[in-house]
Amino acid sequence: MASSSSASVTERRGIPGAQFVEDVQTYLTQSGLDVGSALAFLQERLQQYKVVEMKLLAQQRDLQAKIPDIEKCLDVVATLKAKKGTGEEFIADFEVSEGIYSQARIEETDSVCLWLGANVMLEYSLDEATGLLQKNLDNARASLEVLIADLQFLRDQVTITQVTIARVYNWDVHQRRIQQAAATTAQD
């Protein structure tokens, strides 16, 4: 085996790339580590990957919950725009707090109030609200795509690290067996 690792160790958005070890002896020599230190380093890196994965999965869950909410808001604004000018009232159920709903009779309106978060609510015209919500929806979908790509990259790094740990461990076991066999042969 000619080299200790592949040359394609990269980084993606702050997630360090894992190094695939082809030749364990060369890897240990070049890194200046013994087997125990190398395994400890790789285990620590694996734990770091797991922490990052948990954070990314939480962000993914948040985005996946946020997208349907934005779509519902867009539908409501579109319905209000469609009812505008007809003189027809609009009956809507809305959530007052978690699990508590109320009915509202909405007369013709030119604006809506959007909850922006951090205890901020602003009134927008129907067209402005549609534009803002569509922009937020596009941004959320783009963020979700990037997040999914990050998770895939991270899973690849976890797999590479697990394989490397196994290779180093197995190499160490093999070396110990060779030393044991040599010691047994020398005693005979």
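Index from 1, following the sequence. These numbers were taken from a predicted model, which means no experiment stands behind them.
- One finds the CD1 atom of Ile67 at 11.0 Å from the CG atom of Asn136 (value rounded to the nearest 0.5 Å).
- The number of heavy atoms from other shown groups lying within 6.0 Å of CD (Glu95) is above 12.
- The structure places CG of Leu33 at 8.5 Å from CG of Leu42, a figure rounded to the nearest 0.5 Å.
- Remark: Tyr169 OH is loosely packed, at most 12 non-hydrogen atoms of other residues, nucleotides or ligands lying under 6.0 Å away.
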Verify side-chain contact (heavy atoms from CB on, under 4.5 Å) between Val51 and Lys55, making sure each step is shown before the conclusion.
CA-CA 6 Å; Val51 168; Lys55 288 179 182 178; 4.1 Å; yes
The test is side-chain contact (heavy atoms from CB on, under 4.5 Å); show your working for Val24 and Val21 and say whether it passes.
CA-CA 6 Å; Val24 175; Val21 175; 4.1 Å; yes
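- Looking at every heavy atom in both residues, Gly17 comes nearest to Arg45 through O-NH1, 4.0 Å.
- Classification of Glu107 and Lys84 as a salt-bridged pair fails, no side-chain N sitting under 4.0 Å from a carboxylate O.
- Proximity of Val77 to Leu133: side-chain heavy atoms (C-beta onward) are separated by under 4.5 Å at one or more points.
- Counting only N and O atoms by type, the side chains of Ser37 and Asp34 include a donor and acceptor under 3.5 Å apart.
- Asp150 is not listed as a side-chain neighbour of Val52, based on a closest heavy-atom distance of 4.5 Å or more.
- Counting heavy atoms from C-beta outward, Leu116 and Met121 have side chains that stay 4.5 Å or more apart.
- Between Lys66 and Asp62 there is no salt bridge, since no side-chain nitrogen of the basic residue lies less than 4.0 Å from a carboxylate oxygen of the acidic one.
- A continuous path of Ile, Leu, Val, Met, Phe, Trp and Tyr side chains, each step under 4.5 Å between heavy atoms, connects Val120 with Val112, placing both in one hydrophobic cluster.
- No side-chain heavy atom of Gln59 sits less than 4.5 Å from a side-chain heavy atom of Ser143.
- To the nearest 0.5 angstrom, Leu57 atom CG is 9.5 Å from Gln64 atom CD.
- A heavy-atom distance below 4.5 Å is not found between the side chains of Trp115 and Leu122.
- Inter-residue side-chain proximity for Thr130 and Lys81 is flagged as met; some heavy-atom pair is nearer than 4.5 Å.
- Side-chain atoms of Ser97 do not come within 3.5 Å of backbone N or O of Ile100 as any donor-acceptor pair.
- If you chain together hydrophobic residues whose side chains sit under 4.5 Å apart, Phe41 and Leu46 fall into the same group.
- Proximity of a side-chain donor or acceptor of Gln157 to a complementary backbone N or O of Phe153 within less than 3.5 Å is detected.
- Inter-residue side-chain proximity for Phe94 and Ser102 is flagged as met; some heavy-atom pair is nearer than 4.5 Å.
- In this structure, the separation between OG1 on Thr161 and CG on Leu154 is 9.0 Å, given to the nearest 0.5 Å.
- The two residues Leu80 and Phe90 have their closest heavy-atom pair at CD2-CD2, 3.9 Å.
- Judged purely by atom type and a 3.5 angstrom limit, Gln30 has no side-chain atom pairing as donor or acceptor with the backbone of Tyr27.
- Note that CZ of Arg167 and CG of Asp23 are 8.5 Å apart. Values are rounded to the nearest 0.5 Å.
- When atom types are taken as modelled, the side chain of Asn170 and the backbone of Ala166 share a donor-acceptor pair closer than 3.5 angstrom.
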Just do the side-chain contact (heavy atoms from CB on, under 4.5 Å) check on Ile91 and Ile106 with the steps written out, would you?
CA-CA 6 Å; Ile91 305 292; Ile106 302 170; over 6 Å; no
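- To the nearest 0.5 angstrom, Thr10 atom OG1 is 10.0 Å from Asp156 atom CG.
- Ionic pairing of Arg155 and Glu53 is present here: one or more N-O contacts between side-chain nitrogen and carboxylate oxygen are shorter than 4.0 angstrom.
- Inter-residue side-chain proximity for Gln48 and Glu44 is flagged as met; some heavy-atom pair is nearer than 4.5 Å.
- The backbone N or O of Gly85 lies less than 3.5 Å from a partner atom in the side chain of Glu108, making a donor-acceptor pair.
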Using the rule given for side-chain contact (heavy atoms from CB on, under 4.5 Å), can you reason through Arg141 versus Leu63, listing the C-alpha separation, both sets of side-chain angles and the distance that settles it, and then say yes or no?
CA-CA 8 Å; Arg141 285 180 176 156; Leu63 279 173; over 6 Å; no
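- Taken together through direct or relayed side-chain contacts under 4.5 Å among Ile, Leu, Val, Met, Phe, Trp and Tyr, Val146 and Leu56 form parts of separate hydrophobic clusters.
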